[in-house]
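Sequence positions, counted from 1, serve as the residue numbers for this chain.
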Amino acid sequence: MGFMNLFKHFLGDDWGVHPDDHKRPAADQAVRVMPVPAKLYLPLQQHLGAPARPVVLVGQKVKKGELIAEAQGMISAPIHAPTSGVIAAVTEITAPHPSGLTLPAIILEADGLDEWCELQGCADPFALDAAEIGKRVAAAGVVGLGGAAFPSSVKLSGASRSKVKTLVMNGGECEPYLSCDDRQMRDNAAGIVDGIRIMLHATGAEVALVGIEDNKPEAIAAMQAAAAGVDKVHIRPVPARYPMGSEKQLVQVLTGLEVPAEGRTFDIGVIVHNVGTALVSRVLTVNGQCASQPGNIEVRIGTLAEAVIAFAGGLKGDGLGLARRIMGGPMMGMQIPHWRVPVVKGTSGILALDATEVAASEPDPCIRCGSCVKACPMGLLPLEMSARIRNEAYGEAVDLGLKDCIACGCCAYVCPSRIPLVQYFVHAKGELAAQDRAKLRGDATKKMAKQRQERLDRENREKVEAAAKRLGGEAAGRAGSTAQG
């Protein structure tokens, strides 16, 4: 059975959606390198897990690559200086989030020298054991660039402990408009393959499968040429379909194995990483009808989106037709309130969309057409889940598979009534998480109250026992005195 036929056998032809990809001409333009801006704004939360903790003081001089914020806890990642300069402030800045709320950040004022700190290299990474590779990846602050920005070292160490057999490299890049992974594979295929070989060594996996959507023929050809002669690395073109880049869908297409409900890829002996990584800079896509010069740009972490837009030629007509600003992709990215938000490790794109690219926002009543059910890549019932959520029956929504929802947006994309289904699911997950936290706090309070009562009861018993012994002793003394008299 051929690979494409295998794909159809396991998943069928009906899941997901086929949005216009809008990837060209941006994908075909050479990567432009943006000069270091005067200031860089570095949020302490650029990854999944606990925010990093500053280890620098205002006025302190730092060099490029120097640690400026350390990881807190196992699920966290450190942050390094993207250039040399002086720490100007540790303050609050606008988060790259629709809320427009603030988050703590370090502001670095560049000195123009771009001088590296002293680095400790490794002549032969294959001479290192898995634990040491994981330790170095953690110290470098590497996070996954597939969306969640999960600390990569945690995956590597977990894979080694779980004895995974297969390493899946995600080169799908199924989000419309985005092409930064495509460009990286075209331009840096040999480096990516070297990285995959190190990951194989670090995880103990027996084989690496690189999934690339078939709308990226240049990237496929470059990766196949780079992997030629490398026995354990196999390039696998997959059909262009959203959300092919979701790890559960990509794993099932590449291996035929299904991740259990509420499970992880580790459970079936698979680990997934994105083809790109970033430390102090990253390649991102600037695109959308309002962008004057769409393309891919290498920028330093902490660069403001407005500076990236300006470097890319600004907006058409001074932005008069701008309808929506997005960081990331149009399906799973974040709408932002203004351009003065910084690029972080997980920023894959900056999109300037006009009214023709933005769907009407006012929803109509559900007509129960079932389009969302057909499109859902997880086989869920979005219309039924949303109905339960509107009635605050969150438990029933969980029973219908809410926790398996990957928030890909396929259901909302195909909905003829323009119902914001994903927002319902994200809201419900937030409510359930809040309820879980409240229950944990309640249980902890009850436990503390019970422990306090047990302590008081024990102290009272000890007092009564001590008093009884004291009274018994006094009575014995009095009896002895009477006998002697």
Short N-O contact, E66 and K63, less than 4.0 angstrom: no
From [X] atom [atom1] to [Y] atom [atom2], the distance as rounded to the nearest 0.5 Å:
| X | Y | atom1 | atom2 | value |
| --- | --- | --- | --- | --- |
| K232 | L209 | NZ | CG | 13.0 Å |
| D182 | E173 | CG | CD | 6.0 Å |
| M169 | H273 | CE | NE2 | 7.0 Å |
| Q60 | I106 | CD | CD1 | 9.5 Å |
| C174 | D21 | SG | CG | 11.0 Å |
| I268 | L257 | CD1 | CG | 4.5 Å |

Would you please say whether a donor-acceptor pair under 3.5 Å links the side chains of [X] and [Y]?
| X | Y | value |
| --- | --- | --- |
| H338 | R325 | no |
| T102 | E92 | yes |
| D354 | T356 | yes |
| Q249 | R241 | no |

Candidate pair Q435 and Y394, rule side chain to side chain donor-acceptor pair (under 3.5 Å), full reasoning: CA-CA 10 Å; Q435 291 176 12; Y394 301 123; 6.0 Å; no
Heavy atoms only: give me the nearest [X]-[Y] pair and the separation to one decimal.
| X | Y | result |
| --- | --- | --- |
| G349 | L178 | CA-CD2, 3.7 Å |
| P176 | M331 | CD-CG, 3.8 Å |
| V55 | A69 | CG2-N, 3.8 Å |
| A323 | V358 | CB-CG2, 4.0 Å |
| C410 | P243 | SG-CD, 3.6 Å |
| P43 | L103 | CB-CD1, 3.9 Å |

Can you find a heavy atom in the side chain of [X] that is under 4.5 Å from one in the side chain of [Y]?
| X | Y | result |
| --- | --- | --- |
| V193 | M223 | yes |
| M185 | I212 | yes |
| L254 | V238 | yes |
| L40 | T83 | yes |
| L315 | I309 | yes |
| P37 | F311 | no |
| K248 | M378 | yes |
| V233 | V210 | yes |

R197 and V230: CA distance, side-chain angles, deciding distance, side chain to side chain contact (heavy atoms under 4.5 Å, CB included) verdict: CA-CA 9 Å; R197 293 174 60 225; V230 183; 4.1 Å; yes
Would you check if the side chain of [X] reaches a backbone N or O of [Y] as a donor-acceptor pair within less than 3.5 Å?
| X | Y | value |
| --- | --- | --- |
| N170 | G172 | yes |
| T303 | V299 | no |
| D129 | E132 | yes |
| K429 | C405 | yes |
| H47 | V142 | no |
| T166 | V270 | no |
| H22 | P19 | no |
| S76 | A50 | yes |
| Q46 | G346 | no |
| Q72 | P51 | yes |

Stepwise side chain to side chain contact (heavy atoms under 4.5 Å, CB included) check, S84 with W116: CA-CA 7 Å; S84 56; W116 276 98; over 6 Å; no
Side chain to side chain contact (heavy atoms under 4.5 Å, CB included) between Q423 and H427, intermediate numbers included: CA-CA 6 Å; Q423 284 87 333; H427 167 75; over 6 Å; no
CA sep, side-chain torsions, deciding dist, call: V422, C411, side chain to side chain contact (heavy atoms under 4.5 Å, CB included): CA-CA 8 Å; V422 176; C411 54; 4.2 Å; yes
Salt bridge (charged side-chain N to carboxylate O under 4.0 Å, His left out) between D114 and R300, worked out: CA-CA 11 Å; D114 204 29; R300 301 299 172 96; 2.8 Å; yes
K39 atom NZ, neighbour heavy-atom count above 12 within 6.0 Å: no
Qualifying residue for side-chain hydrogen bond (donor to acceptor under 3.5 Å, both in side chains) with D28, from R183, R186, K23: R186
